[in-house]
Amino acid sequence: MSSHPPQDRFLLTAVLPNGAARSVAERAVVTQNLTAFSWRARTTLLRNNWLTRWMPPVTPMRTIFQMVVPAPALDNTLASIARYGRLDKQATGAVFAVRCQRSLLGPRFSAWPRVQNAYDVDIENITQPLTAIFCVVGSGLSDQVARAAVAAGAHGPIISLAEGRGLRDRIGWLRITKEHTQDVQLVLAETGVASAVFNAMARAGQFEKPGRGLIYRLPVAKGLFNLASEYTSARHAANMQQIIDAIDNLAGHTHWRDRAGTDHGEDYEATCQLKVDGLATEPANLCLTAIVRQSQSQVLNDIVIDCGASGLNSTHAHFVSAAEDDEHVGDARIHDEYAVVRSVISPEVATHFMDVMAAHADEFGLDDYCIATHPISEFVAYKAGSKDYRSAA
């Protein structure tokens with residue numbers, strides 16, 4: 001196993017139309033002899049016609065690719081995914097990278113080579129200042145949170161299905177009181193509107209009540225998004241992202257973005273602050289991302305909980321590589337089931353977990369895994385003892 005400094009690796013996530021996923025797998029992963037992890041997700045498009053607003057949201061399917069990328073290959077990998085995924089087209093998808101504060105690789109994990117991909121691209125077009133917002137919420141409140149995000153100016157969230165795990169899973173019959181299936185919502189927002197979107201989603205999720213979920217923000221190192229928020233029968237010539245790019249070209253610079261929000265008045269930032277009793281904001285926490293074989297995921301989950309995490313969620317994924325003896329989908333080879341595990345933990349728990357894995361992973365039978373931590377800029381969840389949620393607000 002090996003541990004790497006924070007500037008050495010990034011966790012790259014791509015949200016792609018299903019039709020473009022094969023091209024990206026073939027041309028940006030397989031032909032470069034690289035590896036990625038893939039699963040299906042859905043977008044949330046709200047209906048803008050008043051007659052159909054009461055109907056459920058439209059949910060087109062998307063393919064999520066996630067990769068652990070060394071720093072020298074980051075720029076060209078982002079650009080190649082944007083090119084082959086045709087992310088310059090209206091309402092297609094997104095690609096972004098989050099810096100790893102610390103990473104740990106198992107001896108059998110298929111790490112990327114430390115070489116730069118041979119693409120001649122202009123990386124300036126995919127370095128927008130973005131924030132990634134992740135919200136873990138039960139299916140009963142998922143649509144409500146998605147509508148709040150769109151109303152605050154975000155695109156329709158990308159929703160992945162996950163299995164929640166926590167301390168109550170070990171308390172016999174109490175497991176029946178916990179909903180294991182959760183929605184993990186992903187929203188990419190420009191920095192100027194990220195606070196408003198984050199707070200709107202936090203209120204809609206009712207996180208002042210226990211067991212409702214959590215929401216956190218991760219700073220994005222580099223990325224772009226081109227996602228829709230509404231479904232309509234009319235065809236628009238451009239979306240908001242294309243309009244912003246057009247203004248950049250007309251102005252000849254991006255400094256006009258620095259004034260975002262000032263026209264709302266001096267009290268605009270104050271109104272964006274979260275004012276819900278019983279919520280705890282703890283920006284010092286870290287996001288833990290662990291990729292492990294599905295057959296070994298339960299062992300890793302137990303270790304995370306034993307080290308002090310209050311809960312985690314796990315998404316099933318497939319391994320995409322250029323191995324010759326694997327199942328084929330087109331020219332792309334897809335084999336082996338993996339789990340992508342996420343948890344919000346304190347720095348102390350993160351250090352303890354990393355130390356345990358570095359020293360004893362082989363004793364637990366773990367050899368094919370990648371673990372990384374990422375700094376969280378804002379985190380909101382219920383704090384036990386902060387409020388009697390049964391009383392009137």
Side-chain angles (χ1 to χ4, degrees), residues 11-18 20-21 24-25 36-45 56-68 81 85 92-98 130-150 154-166 179-189 197-198 201 204-205 212-218 220 223 225 227-229 287-292 294 297 300-301 311-320 334 337-344 370 372 374 376:
L11 183 67
L12 185 149
T13 304
V15 181
L16 304 169
N18 288 341
V24 171
F37 302 88
S38 173
W39 66 90
R40 292 294 180 92
R42 70 180 192 274
T43 55
T44 304
L45 302 182
V58 180
T59 56
M61 297 303 296
R62 291 290 187 267
T63 298
I64 308 294
F65 275 19
Q66 198 158 81
M67 316 170 189
V68 182
I81 291 175
T92 49
V95 60
F96 65 97
V98 176
L130 302 177
T131 293
I133 300 174
F134 289 87
C135 178
V136 181
V137 64
S139 57
L141 287 174
S142 187
D143 286 349
Q144 181 174 323
V145 173
R147 292 180 184 276
V150 174
H155 61 79
I158 307 300
I159 302 176
S160 300
L161 189 64
E163 295 182 2
R165 291 291 182 267
E179 182 182 6
H180 286 287
T181 303
Q182 299 173 322
D183 283 349
V184 178
Q185 298 193 7
L186 165 63
V187 171
L188 287 173
V197 174
F198 181 88
M201 296 175 68
R212 292 302 177 99
L214 55 89
I215 185 171
Y216 58 92
R217 292 170 54 182
L218 297 178
V220 172
F225 70 96
L227 295 162
S229 61
C287 173
L288 170 71
T289 301
I291 302 172
V292 64
Q294 184 64 44
S297 62
L300 185 136
N301 292 348
L312 54 86
N313 63 78
S314 177
T315 300
H316 294 278
H318 291 280
F319 184 46
V320 182
I334 300 181
E337 290 190 350
Y338 278 70
V340 179
V341 179
R342 306 179 191 87
S343 181
V344 176
C370 173
H374 321 283
I376 291 178

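Quick caveat, the model's predicted, so the values are computed rather than measured. Just so you know, these numbers use all the heavy atoms, side chains as well, and skip hydrogens, waters and symmetry mates.
- Looking at every heavy atom in both residues, I159 comes nearest to S142 through CD1-OG, 3.7 Å.
- Considering CD of Q66 and OG1 of T13, their distance stands at 4.0 Å, rounded to 0.5 Å.
- Note that OH of Y338 and OG of S297 are 12.0 Å apart. Values are rounded to the nearest 0.5 Å.
- The CZ atom of R62 sits 4.5 Å away from atom OG1 of T43, with the distance rounded to the nearest 0.5 Å.
- Taking each heavy atom of P157 and V150 in turn, the nearest pair found is CD-CG2, 4.5 Å.
- Taking each heavy atom of I133 and M201 in turn, the nearest pair found is CG2-SD, 4.1 Å.
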Intermediate values then yes/no, ring pair (Phe, Tyr, Trp, His ring centres under 6.0 Å), F37 and F65: CA-CA 6 Å; F37 302 88; F65 275 19; over 10 Å; no
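- By the 4.5 Å heavy-atom criterion applied to side chains, T63 and S38 are counted as neighbours.
- Considering all non-hydrogen atoms of both residues, A21 and L16 come closest at CA-CD1, 4.2 Å.
- One distance of note links CZ of R40 with CG of N18; it measures 4.0 Å at 0.5 Å rounding.
- What you find for I158 and A41 is that their closest heavy atoms are CG2-CB, 4.0 Å.
- Scanning for side chain to side chain donor-acceptor pair (under 3.5 Å) contacts around S343 gives an empty result, with sequence neighbours left out.
- Under the rule for a side chain to side chain donor-acceptor pair (under 3.5 Å), T131 has no partner lying at least two apart in sequence or in another chain.
- Under the side chain to side chain contact (heavy atoms under 4.5 Å, CB included) criterion, H374 pairs with L11, V98, C100, L218, C287, T289, A372, sequence neighbours left out.
- Note that the OG1 atom of T315 and the CD1 atom of I64 stand 9.5 Å from one another [nearest 0.5 Å].
- Ring pair Y216/F134 is parallel by interplanar angle, where below 30° counts as parallel and above 60° as perpendicular.
- Nearest heavy-atom pair across A162 and V184 is CB-CG2, 3.7 Å.
- Looking at Q294 and H316, their side chains do bring a donor and an acceptor atom within 3.5 Å of each other.
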